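Here the structure is laid out as structure tokens; the discussion comes afterwards.
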Amino acid sequence: MVEFLTTMRYIQLYLKPGYRVLEIGAGTGRYSHTLARQGFMVDAVELIEHNIEVFRKNTLPNETISIIQGNALDLSVFPDNQYDITLLLGPLYHLYTKADKQQAVREAIRVTRHGGIIFAAYVISDGCLLDEGFHRNHIHVAEYIKNGLLDAETFAAKSAPKDLFELVRKEDIDDLMSIFPTTRLHYVAANGCSLFMREAIDAMDTDAFQLYLNYHFAICEREDLLGVTSHALDIFKK
């Protein structure tokens with residue numbers, strides 16, 4: 001929920017009446033439907049057929065929304081410079097080579113108009129290691145090091161398709177984006193320590209949760225805290 005609310009907060013900074021939105025890798029449509037229900041025209045692309053079925057079942061009659069099956073690496077069905085806002089909030093979790101990740105970003109940039117805004121989400125290794133590893137012991141850190149999934153000195157993650165998620169750090173994202181003539185507007189620790197302290201957050205009443213959100217929003221772009229998150233949001237302008 002903290003990640004969703006944070007992402008929506010930044011999206012709404014740049015939305016204007018009449019804007020067209022494309023969501024690449026829309027899943028079951030949480031963001032797409034939210035924006036369509038606010039009156040925006042939304043097109044969506046999703047790879048998994050089951051997700052598309054759920055997406056369509058969740059579509060309300062008053063939504064101006066469409067979804068097609070497709071791949072983030074090839075958006076040739078869409079023309080250049082068409083969308084005001086482009087969301088790439090899932091595919092980069094599941095692409096394991098630099099070339100593939102850059103191709104997905106390249107396609108997202110291509111279909112966005114000049115001056116349009118792209119939102120790209122990543123899974124960050126350190127937040128996952130702190131929460132799922134040292135905190136919950138769902139990741140057996142010593143075994144991961146032994147099996148080559150974590151560097152023994154730097155603790156940087158090495159992922160493959162069998163691991164389901166690609167884990168990165170900000171320096172990887174900076175390197176990935178270095179070839180593109182874009183302007184970074186925000187780099188956001190989208191959920192910060194929220195997963196690490198999920199039980200405490202779940203126990204908060206409405207007022208306490210709002211106060212926590214206000215704190216999170218105040219610090220989520222602080223450079224000294226950017227690595228302490230399990231999800232990051234890179235927001236840039238074409």
Side-chain angles (χ1 to χ4, degrees), residues 1-8 10-11 15 19-113 116-124 128 132 138 157 159-168 173 176 190-191 195 230-235:
M1 180 60 74
V2 172
E3 180 191 3
F4 173 77
L5 293 173
T6 303
T7 303
M8 285 301 305
Y10 279 92
I11 292 171
L15 280 172
Y19 267 17
R20 295 193 64 181
V21 178
L22 175 66
E23 183 172 13
I24 305 163
T28 57
R30 190 179 193 190
Y31 289 98
S32 288
H33 288 306
T34 299
L35 294 170
R37 290 167 193 176
Q38 293 177 0
F40 295 97
M41 297 177 288
V42 180
D43 293 324
V45 182
E46 170 56 32
L47 182 63
I48 306 302
E49 191 169 328
H50 170 75
N51 290 343
I52 295 172
E53 292 173 3
V54 176
F55 186 107
R56 286 177 173 150
K57 287 178 183 177
N58 290 336
T59 302
L60 300 179
N62 63 339
E63 293 182 33
T64 305
I65 197 168
S66 70
I67 187 167
I68 62 169
Q69 188 168 28
N71 191 312
L73 301 179
D74 180 6
L75 300 176
S76 55
V77 67
F78 298 105
D80 298 355
N81 306 313
Q82 182 165 347
Y83 293 95
D84 303 286
I85 301 284
T86 300
L87 308 178
L88 190 66
L89 301 179
L92 296 168
Y93 297 178
H94 308 294
L95 297 173
Y96 297 90
T97 69
K98 183 177 179 180
D100 279 350
K101 284 180 273 193
Q102 287 181 330
Q103 176 61 15
V105 172
R106 184 177 294 108
E107 280 290 82
I109 293 170
R110 180 185 63 78
V111 300
T112 306
R113 68 166 175 81
I117 312 298
I118 298 102
F119 296 74
Y122 297 85
V123 184
I124 302 302
C128 295
E132 297 289 344
H138 295 163
S159 310
K162 64 179 177 58
D163 305 311
L164 187 59
F165 291 103
E166 168 76 327
L167 305 179
V168 299
I173 300 168
L176 185 77
N191 54 0
L195 291 183
S230 55
H231 294 84
L233 186 63
D234 195 17
I235 305 169

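Source: prediction; values computed, not measured. Starting from 1, each residue takes its place in the sequence as its number. Basis for what follows: all heavy atoms, side chains included, without hydrogens, waters or symmetry-related copies.
Take Y96 and apply the ring pair (Phe, Tyr, Trp, His ring centres under 6.0 Å) test, not counting sequence neighbours, and it matches no residue. A160 meets the side-chain contact (heavy atoms from CB on, under 4.5 Å) test with K162, D163; sequence neighbours excluded. The ring pair (Phe, Tyr, Trp, His ring centres under 6.0 Å) check on Y31 picks up F4, with sequence neighbours excluded. Under the rule for a salt bridge (Lys or Arg N to Asp or Glu O under 4.0 Å), the partners of R113 that lie at least two apart in sequence or sit in another chain are D84. In this view, T28 satisfies the side chain to side chain donor-acceptor pair (under 3.5 Å) rule with no residue, not counting sequence neighbours. Under the side chain to side chain donor-acceptor pair (under 3.5 Å) criterion, N81 pairs with K238, sequence neighbours left out. By the ring pair (Phe, Tyr, Trp, His ring centres under 6.0 Å) test, F55 pairs with H33, sequence neighbours left out. Legend: residues meeting side chain to side chain donor-acceptor pair (under 3.5 Å) with Y83, ordered by chain and number and at least two apart, are D43. Remark: H138 engages E132 in a side chain to side chain donor-acceptor pair (under 3.5 Å) (not counting sequence neighbours).
Side-chain N or O atoms of E46 include none that pairs as donor or acceptor with a backbone N or O of Q69 at under 3.5 Å. In this structure a side-chain-to-backbone donor-acceptor pair under 3.5 Å is present from Q102 to L176.
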Would you mind writing out the side-chain donor-acceptor pairs for residues 72-80 within the sub-3.5 Å range, not counting sequence neighbours?
{"unit_1": "D74", "atom_1": "OD1", "unit_2": "S76", "atom_2": "N", "d": "3.0"}
{"unit_1": "D74", "atom_1": "OD1", "unit_2": "S76", "atom_2": "OG", "d": "2.8"}
{"unit_1": "D80", "atom_1": "OD1", "unit_2": "R110", "atom_2": "NH1", "d": "2.7"}

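A157 and L167 get closest at one heavy-atom pair: CB-CB, 3.8 Å. What you find for S230 and N191 is that their closest heavy atoms are OG-ND2, 2.9 Å.
Each of I118, L35, I117 was checked for a side-chain contact (heavy atoms from CB on, under 4.5 Å) with L87, and the lone residue meeting it is L35.
Applying the salt bridge (Lys or Arg N to Asp or Glu O under 4.0 Å) rule to pairs touching residues 25-35 yields nothing, sequence neighbours excluded. Listed by first and then second residue, the salt bridge (Lys or Arg N to Asp or Glu O under 4.0 Å) pairs involving residues 49-69 are R37-E63 (not counting sequence neighbours).
When ring centroids are compared, F165 and H94 come within the 6.0 Å threshold.
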